[in-house]
There are 2 protein chains.
Amino acid sequence: MQQCCNNIFMKQFRNTTAKTTILNVLKNAEAALSHAELLTLTNGVCDRVTIYRVLERLVNEDNVHKVVTSDGIIKYAACNHSAHHSHDHVHFNCEKCKTTTCIEMVLPVIQLSNDYTVKSFNFTVTGICPKCN
Amino acid sequence: MQQCCNNIFMKQFRNTTAKTTILNVLKNAEAALSHAELLTLTNGVCDRVTIYRVLERLVNEDNVHKVVTSDGIIKYAACNHSAHHSHDHVHFNCEKCKTTTCIEMVLPVIQLSNDYTVKSFNFTVTGICPKCN
DNA sequence: ATATTATTGCAACATTGTTGCATTAACAAA
DNA sequence: TTTGTTAATGCAACAATGTTGCAATAATAT
């Protein structure tokens, strides 16, 4: 009945097996995953190209957010739609286990002069995580 | 006379035209530059591969630092060896003019629990820069 | 001027990301 | 349940980015 129009161009999104699989892998993951990691973890459920396209959609739908590590590797993490949810949180990149994890509780404080318009930020801290310490 | 050993493996660095050209381009640049931008700005002074290798050396020698934008694009900026010099400063990424600039004066403040060991960070703020505002 | 070896260029390769198009399959409506 | 529409997929082909091996070159100490 009710048509589900969840983007501004009124183009319907569909729930496909590729999409649900990828989202589940991300939800069950302890850390953010790269495209290459998702390719192996989804175990051939879909093509390499499809993963790129599904990730793009998931980000647009606000179900997944994109993280860039200090090495420039792009990773994806399922959004935690809790009270404190925001894409603008700190990410921690462990040198040892190479994982990238969300730290939603810690907010960075900076003071830029007011001729800058701030829209978003990417804050990745590198070091050793609690598990490896 | 005096042998110049500026890396831990006692391997001498040499000042080549490629290296000095690339460093000069970076020093004269208003913003951080990507590999592709350096390729055109150096105007064929050396091979594509050489630029990768020179940049690696310049980073090791602490003359250049690496910045990762929110889009995952790796850029390089000449280090400002002043009193406040540190690689761990904020970078601003303008959505309009696509430039990435160092903001050395602003230090971010975060409070991680002490089971994290912090070694470095990459903090890129995206928005509109003063020139475009 | 010479010997040593860091650096370069080139070719070849690996990885990552993009695009076009015919086919498939999700979903709304009948 | 069946059908029509079209979002999503797979595949191939491509573009961009980054890496490696090796012979030739050139920077530096002597």
Side-chain angles (χ1 to χ4, degrees), chain A residues 1-25 32-61 63-64 66-76 98 100, chain B residues 1-25 32-61 63-64 66-76 98 100:
Chain A
M1 274 340 94
Q2 205 182 33
Q3 204 171 315
C4 162
C5 299
N6 39 16
N7 76 2
I8 54 170
F9 298 110
M10 299 308 242
K11 180 177 168 181
Q12 294 178 55
F13 286 123
R14 291 178 184 177
N15 287 318
T16 63
T17 44
K19 188 176 151 184
T20 46
T21 306
I22 291 171
L23 187 53
N24 279 335
V25 170
L33 300 173
S34 66
H35 174 270
E37 288 166 329
L38 278 166
L39 186 59
T40 58
L41 287 171
T42 51
N43 207 38
V45 81
C46 68
D47 193 70
R48 204 171 62 88
V49 180
T50 302
I51 296 186
Y52 282 114
R53 300 199 256 224
V54 167
L55 285 171
E56 196 188 0
R57 264 181 288 150
L58 286 172
V59 169
N60 285 340
E61 292 173 35
N63 284 319
V64 161
K66 213 173 176 174
V67 195
V68 178
T69 72
S70 305
D71 320 303
I73 295 170
I74 292 175
K75 296 198 172 185
Y76 298 87
K98 306 285 177 196
T100 305
Chain B
M1 253 35 45
Q2 204 182 38
Q3 204 170 315
C4 163
C5 298
N6 40 17
N7 76 2
I8 53 170
F9 299 109
M10 301 306 244
K11 179 175 168 181
Q12 294 178 53
F13 286 124
R14 291 178 184 178
N15 287 318
T16 62
T17 43
K19 189 176 151 184
T20 46
T21 307
I22 291 171
L23 187 53
N24 279 334
V25 169
L33 299 174
S34 67
H35 175 270
E37 288 166 328
L38 277 166
L39 186 59
T40 57
L41 286 170
T42 50
N43 207 40
V45 80
C46 67
D47 193 70
R48 205 172 62 88
V49 180
T50 302
I51 296 186
Y52 282 114
R53 301 200 255 223
V54 166
L55 284 171
E56 196 188 359
R57 265 183 287 151
L58 286 172
V59 169
N60 286 338
E61 291 173 36
N63 283 319
V64 161
K66 211 172 175 176
V67 196
V68 178
T69 72
S70 304
D71 321 304
I73 296 170
I74 292 174
K75 297 198 173 186
Y76 298 88
K98 307 285 177 196
T100 305

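Lettering of chains follows the sequences in order, A, B, ..., and the numbering in each one begins at 1.
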Can you list, in residue-number order, the parts of residues 14-23 of chain A that come under 4.0 Å of DNA chain C, counting heavy atoms only? R14(A), N15(A)

Between residues 34-41 of chain B and DNA chain C, which residues have a heavy-atom gap below 4.0 Å?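 Of all residues in residues 34-41 of chain B, none places a heavy atom under 4.0 Å from DNA chain C.
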
Using the side-chain contact (heavy atoms from CB on, under 4.5 Å) definition, which of the options V25(B), L33(B), V54(B) pairs with T42(B)?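 Between T42(B) and the candidates, side-chain contact (heavy atoms from CB on, under 4.5 Å) is satisfied uniquely by V25(B).
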
Student check: side-chain heavy atoms of [X] and [Y] closer than 4.5 Å:
X      : Y      : answer
L38(A) : L55(A) : yes
V59(A) : E56(A) : no
S70(B) : V68(A) : no

With each end axis built from five pairs of C1' atoms, what bend angle do you get for the helix from dA1(C)-dT30(D) to dA30(C)-dT1(D)? Round to 10°. 40°

Counting distance only, does the side-chain N/O of H35(B) pair as donor-acceptor with the main-chain N or O of R48(B) below 3.5 Å?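 Present.
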
Does I73(A) offer a backbone N or O that forms a donor-acceptor pair with the side chain of D71(A) under 3.5 Å? no

Please round to the nearest 0.5 Å and tell me the distance separating atom [atom1] of [X] and atom [atom2] of [Y].
X      : Y      : atom1 : atom2 : value
I22(A) : R53(A) : CD1   : CZ    : 11.5 Å
T21(A) : I51(A) : OG1   : CD1   : 10.0 Å
R57(B) : F13(B) : CZ    : CZ    : 7.5 Å

To the nearest Å, how far apart are [X] [atom1] and [N] [atom2]?
X      : N       : atom1 : atom2 : answer
D71(B) : dA16(D) : CG    : P     : 17 Å
L55(A) : dT18(C) : CG    : P     : 11 Å
R57(B) : dA27(D) : CZ    : P     : 12 Å
I73(A) : dG17(C) : CD1   : C1'   : 15 Å

Heavy atom of residues 44-53 of chain B under 4.0 Å from DNA chain D: which residues? R48(B), V49(B), Y52(B), R53(B)

By side chain to side chain contact (heavy atoms under 4.5 Å, CB included) - contacts of L23(A) (at least two apart):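 Side chain to side chain contact (heavy atoms under 4.5 Å, CB included) check on L23(A) returns K27(A), L58(A), N63(A), V64(A).
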
Name all residues meeting the side chain to side chain donor-acceptor pair (under 3.5 Å) criterion together with S34(A); count only those two or more places apart in sequence or in a different chain, and write none if there are none.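 For S34(A), the residues satisfying side chain to side chain donor-acceptor pair (under 3.5 Å) (neighbours in sequence not counted) are E37(A).
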
